[in-house]
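One structure is given below, encoded as structure tokens.
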Amino acid sequence: MATGRSIVRRVASTPWNARLRELASQSLFSESISLYRSMLRSGSSPDAFSYPFTLKSCAALSLPVSGQQLHCHVIREGCVAEPFVITALISMYCKCGLVEDARKVFDENTQSHQLGLAVLNSFITMYMKCGSVESGRRLFDGVPVKGLITWNAVMSGCAQNGLAYDVLEIYEEMKSYGVRPDPVTLVSVLSSCAHLGAQRIGQEVEKLVEANGFVSNVFVCNALISMYARCGNLAKARGVFDVMPVRSLVSWTAMIGCYGMHGMAETAVKLFDDMIKSGIRPDKTVFVMVLSTCSHSGLTEKGLELFDAMKREYKLEPGPEHYACVVDLLGRAGRIDEAMGFIESMPIEPDGAVWGALLGACKIHKNVDMAEIAFAKVIEFEPMNIGYYVLMSNIYTDSKNQEGIWRIRVMMRERGFKKEPGYSYVEHMGRVHLFLAGDRSHEQTEEVYRMLDELEASVMEIEGNTECDRCGEVSSSTREHSERLAVAFAILNTSPGAEILVIKNLRVCEDCHVFIKMVSKVVDRRFVVRDASRFHYFEDGLCSCKDYW
DNA sequence: GTAGGGTTAG
């Protein structure tokens, strides 16, 4: 029964609650928390309806301390019995990674075990956020009547754990049950398309976005920008960015990253300046983006300048990832000793990424002595990261140090490493086709190999059997082989409407250059190829990127 | 009124 006191409270907090709800629904999370504080200062007492939005904001910003304060208020105000406050609390703790606290709230409020689905959804999210994908999926499978949010929870969880292909599968399954996607669903699907380079599927999703009137949703637009950026379609990415009614910091970050990936560092830096002018405060993420963009394009001084501005002007404390960017910046420019000096002067302890950046620079500039120092350090931090062993082995290969190569091989054997097979994928007619070396599982395998033979025969005819000078390494042959299969498949299936093919993980070696040149002649259309960090455009057999050849 | 969401180098 409502007491007179609680009625007075309810009336007093209602206008505040409406505003809290509005702010949280517009993703204005810090504003929502400030409003809650103003509400307390003004003497209004929060009620049960004030908490869910404020807790959601704490969860979104990952502010566990504020969340715990709110939990105290919930107890003080006697709202612990409200099921929707309990689910919001569990969700907040789950998202902040405080599993124990979430579990405690769950155990102490047994009545919420019946409310049911919301708590299950929260727990699926929690498992996924903690990286226990298996547990999350098991819980999901056991939910008898899945709601849209249940589907969204498992899909976003898979997306966040890099299981992009699973997301697309679950999405199909969801549709087969007649469940209609909402913006949150489409965000996960788009983000997975981005990771797979699946532009066709992404375009289908964009049609759905338009048909359902989700175009003004900032999350959806950001995911679209990132999808088009990673699929090599810069024009479309920019198109989405330009028509957005409201751009968040993430929108700018995605767009800056898009120019960075495409080797257009000047435009990226210009966009960063525009962002500042438009009154948006940069965060650490956007600095990672713009710094790495500068190092890829050789804008060394500009990068160093920005790193300085980050600390002085924007009062942002650089993390190890920023220091790694600066080491990369100096290292790529050949300023290896300076990079080493910079590491030694760091106020925080350098991590694996910092030493890894130095190791990468040593590979480019063939500095074996420094590489050995960096390698020893980097495997202290990341002993199980096979990439660094391969990198060091390649440095020895370049310097023809046979003893070094053997030493690395022994280390790898002792640690029981098994190399993951390299693979490539091509999107065709909305399906992603994956190829491994020697792979014969594809339904068109006979035709694919026939096409591959034809192409390789013509390559040799034209250029002679050019030997690749980088293929001494452990991983190259398998990966190249898978790429060739993917290319052969792509040519075989290129339909007149298909403008762009995206081939990921392409290794840069002489042999591949010849091959790609050949391929572009055969298909007579534009090719976009992505290697480790950027896109290369091939038109009429020529790549416009000067350092590619 | 609860539960689910976008950007990140080496």
Side-chain angles (χ1 to χ4, degrees), chain A residues 17 21 27 47-53 55-56 59-60 82-92 94-95 112 115-126 128-129 147-157 159-160 182-191 194 217-227 229-230 248-258 260-261 283-296 319-329 331-332 351-361 363 374 378 382 385 387-388 391 532-533:
Chain A
N17 289 351
R21 180 191 182 185
S27 309
D47 66 8
F49 297 101
S50 320
Y51 296 117
F53 314 115
L55 283 167
K56 187 180 175 178
E82 296 288 356
F84 56 86
V85 175
I86 293 162
T87 40
L89 272 169
I90 293 174
S91 165
M92 181 277 295
C94 285
K95 285 195 181 169
S112 69
L115 214 208
L117 193 57
V119 174
L120 281 173
N121 294 338
S122 243
F123 270 81
I124 292 174
T125 311
M126 177 193 72
M128 292 301 203
K129 293 245 187 235
L148 172 63
I149 292 179
T150 320
W151 290 97
N152 287 348
V154 77
M155 283 166 69
S156 66
Q160 285 155 19
D182 76 346
V184 181
T185 325
L186 299 184
V187 162
S188 294
V189 176
L190 283 171
S191 140
N217 182 308
V218 69
F219 284 82
V220 171
C221 290
N222 294 343
L224 271 172
I225 294 174
S226 157
M227 185 272 293
R230 285 180 173 270
S248 68
L249 173 59
V250 175
S251 324
W252 290 90
T253 309
M255 201 61 229
I256 290 167
C258 181
M261 267 184 233
D283 69 349
K284 292 186 176 192
T285 306
V286 75
F287 269 105
V288 170
M289 208 84 216
V290 77
L291 288 175
S292 64
T293 295
C294 288
S295 72
H296 287 309
E321 64 273 39
H322 301 98
Y323 287 101
C325 284
V326 175
V327 171
D328 192 51
L329 205 60
R332 276 181 203 260
D351 67 355
V354 172
W355 291 110
L358 186 69
L359 186 63
K363 165 86 169 78
V378 80
E382 294 178 45
N385 191 332
Y388 294 126
L391 191 54
S533 57

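Computation of the quantities below employed the complete heavy-atom set of this structure, encompassing side-chain atoms and omitting hydrogens, waters and symmetry-equivalent molecules. Note that the coordinates shown come from a computational prediction; the quantities given were computed from them, not determined experimentally. Just so it is clear: chains get the letters A, B, ... in the order the sequence lines come, proteins before strands, and each one is counted from 1.
With sequence neighbours left out, A/Ile149 forms a side chain to side chain contact (heavy atoms under 4.5 Å, CB included) with A/Asn121. Evaluation of the side-chain hydrogen bond (donor to acceptor under 3.5 Å, both in side chains) rule for A/Thr185 yields A/Asn152, A/Asp182 as partners, not counting sequence neighbours.
You can call A/Phe219 stacked on the base of B/dG5; the centres are under 5.5 Å apart and the planes sit within 30°.
The six-membered or imidazole ring of A/Phe49 lies near that of A/Phe84, with a centre-to-centre distance under 6.0 Å.
Nucleic acid contact for A/Ala353: base, since at least one base atom lies under 4.0 Å from a heavy atom of the residue. Among the protein residues, A/Gly257 comes within range of no part of the nucleic acid, since none of its heavy atoms lies under 4.0 Å from any strand.
A heavy atom closer than 4.0 Å to some atom of DNA chain B occurs in A/Ser248, A/Val250, A/Thr253, these being the qualifying members of residues 248-256 of chain A.
Of the side-chain N and O atoms in A/Arg230, one or more sit less than 4.0 angstrom from OP1 or OP2 of B/dT8. Taking only side-chain nitrogens and oxygens, A/His296 comes nearer than 4.0 Å to OP1 or OP2 of B/dG10. Distances shorter than 4.0 Å separate some side-chain N or O of A/Lys95 from OP1 or OP2 on B/dG4. Listed pair A/Gln160 / B/dG4 fails the phosphate criterion, with no side-chain N or O lying under 4.0 Å from OP1 or OP2. Between A/Lys129 and B/dA3 there is no side-chain polar atom (N or O) within less than 4.0 angstrom of OP1 or OP2.
Set against B/dG1, B/dA9, B/dT7, the side chain of A/Arg21 has B/dG1 as its closest nucleotide. Candidate nucleotides B/dG4, B/dG5, B/dG6 were compared by shortest atom distance to the side chain of A/Ser91, and B/dG4 ranks first.
Taking 4.5 Å as the limit, some side-chain heavy atom of A/Ser251 sits within range of a side-chain heavy atom of A/Val218.
At a cut-off of 3.5 angstrom, the base of B/dG4 holds at least one donor-acceptor pair with the side chain of A/Asp182. Checked by distance alone, A/Asn217 brings no side-chain donor or acceptor within 3.5 Å of a matching partner on the base of B/dG6.
Taking atom CZ of residue A/Phe287 and atom C1' of nucleotide B/dG10, one finds them 20 Å apart after rounding to whole Å.
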